[in-house]
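I have placed the structure first, in the form of structure tokens, so that the comments after it can refer back to it.
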Amino acid sequence: MTTEPSPNARRRALARQARDAFPSMGVFAIRNLASGRVRVKTSRNVPGSINRIGFELRQGTHPDKLLQAEWNALGSNRFRMEVLEFVKQRTDPAFDYAAELMLLETLYTAELTQGENL
């Protein structure tokens, strides 16, 4: 007869697993579908950042005043937020994730905003 872990033990194990998981860091884009303007951003928690930006825009409190004005004028259905790339976990403990994020932001900005005045 096998014994199942208690619900509390299972909950603690899942919480520990989530806490110890590699964060979903990477680069994402905010696209204005009407104008074609693209903003490239990086984060150490991409889903959280996308949720925060969406919340700020819906509340009218986003610090990027031009983005907020465009959102207010056009509406949420004229914008898309999409993940461009997640950073993979490296085995080297000295790997510089901050530098990797900066490089990805530079590369994607150059690729997606060619000729655009930001």
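Since the structure is predicted, the reported quantities are computational estimates derived from the model, not experimental observations. All values below were derived from every heavy atom in this structure, side-chain atoms included, with hydrogens, water molecules and symmetry-related copies excluded. Residue numbers start at 1 and run along the sequence shown.
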Start with the C-alpha distance between T42 and M102, add both sets of side-chain angles, then the distance that settles side-chain contact (heavy atoms from CB on, under 4.5 Å), and finish with yes or no.
CA-CA 8 Å; T42 61; M102 285 188 343; over 6 Å; no
Shortest non-hydrogen contact from L112 to R31?
CD2-NH2, 3.9 Å
ring-ring contact (aromatic ring centres under 6.0 Å, His included) partners of residues 66-92, not counting sequence neighbours, each pair once
W71-F79
Residues 90-99 side chain polar contacts: donor-acceptor under 3.5 Å, at least two apart:
{"residue": "R90", "atom": "NH1", "partner": "K88", "partner atom": "O", "Å": "2.6"}
{"residue": "D92", "atom": "OD1", "partner": "A94", "partner atom": "N", "Å": "2.9"}
{"residue": "D96", "atom": "OD1", "partner": "A98", "partner atom": "N", "Å": "3.2"}
{"residue": "D96", "atom": "OD1", "partner": "A99", "partner atom": "N", "Å": "3.1"}
{"residue": "Y97", "atom": "OH", "partner": "R90", "partner atom": "N", "Å": "2.9"}

For Q68 and N72, test the side chains for any donor-to-acceptor distance below 3.5 angstrom and give the result as yes or no.
yes
State plainly whether one hydrophobic cluster holds both L107 and L101, where clusters connect Ile, Leu, Val, Met, Phe, Trp and Tyr through side-chain heavy atoms under 4.5 angstrom apart.
no
Take L104 and L84, measure what side-chain contact (heavy atoms from CB on, under 4.5 Å) needs, and give me the verdict at the end.
CA-CA 9 Å; L104 287 172; L84 300 173; over 6 Å; no
Cluster link V27 to V46, ILVMFWY, side chain under 4.5 Å
no
Residues clustered with L66, ILVMFWY side-chain links under 4.5 angstrom
none
Which atom names give the shortest non-hydrogen contact between A34 and L74, and what distance separates them?
CB-CD1, 3.8 Å
The reported gap from CD1 in I53 to OG in S43 (rounded to nearest 0.5 angstrom) is 8.0 Å
Looking only at heavy atoms, which two atoms of E105 and V40 are closest? And how far apart?
OE2-O, 3.3 Å
Once rounded to the nearest 0.5 Å, what's the spacing between atom CZ of R39 and atom OG1 of T113?
11.0 Å
R78: what forms a salt bridge (charged side-chain N to carboxylate O under 4.0 Å, His left out) with it, not counting sequence neighbours?
none
Could you list the residues that satisfy salt bridge (charged side-chain N to carboxylate O under 4.0 Å, His left out) with E111, not counting sequence neighbours?
none
Separation of I30 CD1 from L67 CG (nearest 0.5 Å)
5.5 Å
Test side-chain contact (heavy atoms from CB on, under 4.5 Å) on R11 and L14 and set out the steps.
CA-CA 5 Å; R11 194 173 311 120; L14 288 172; 5.9 Å; no
Could you go through M81 and L57, starting from their C-alpha distance and side-chain angles, then the distance that decides it, and tell me whether this counts as side-chain contact (heavy atoms from CB on, under 4.5 Å)?
CA-CA 12 Å; M81 292 184 226; L57 288 168; 4.0 Å; yes
So salt bridge (charged side-chain N to carboxylate O under 4.0 Å, His left out) across residues 41-55, not counting sequence neighbours, yields R52-E56
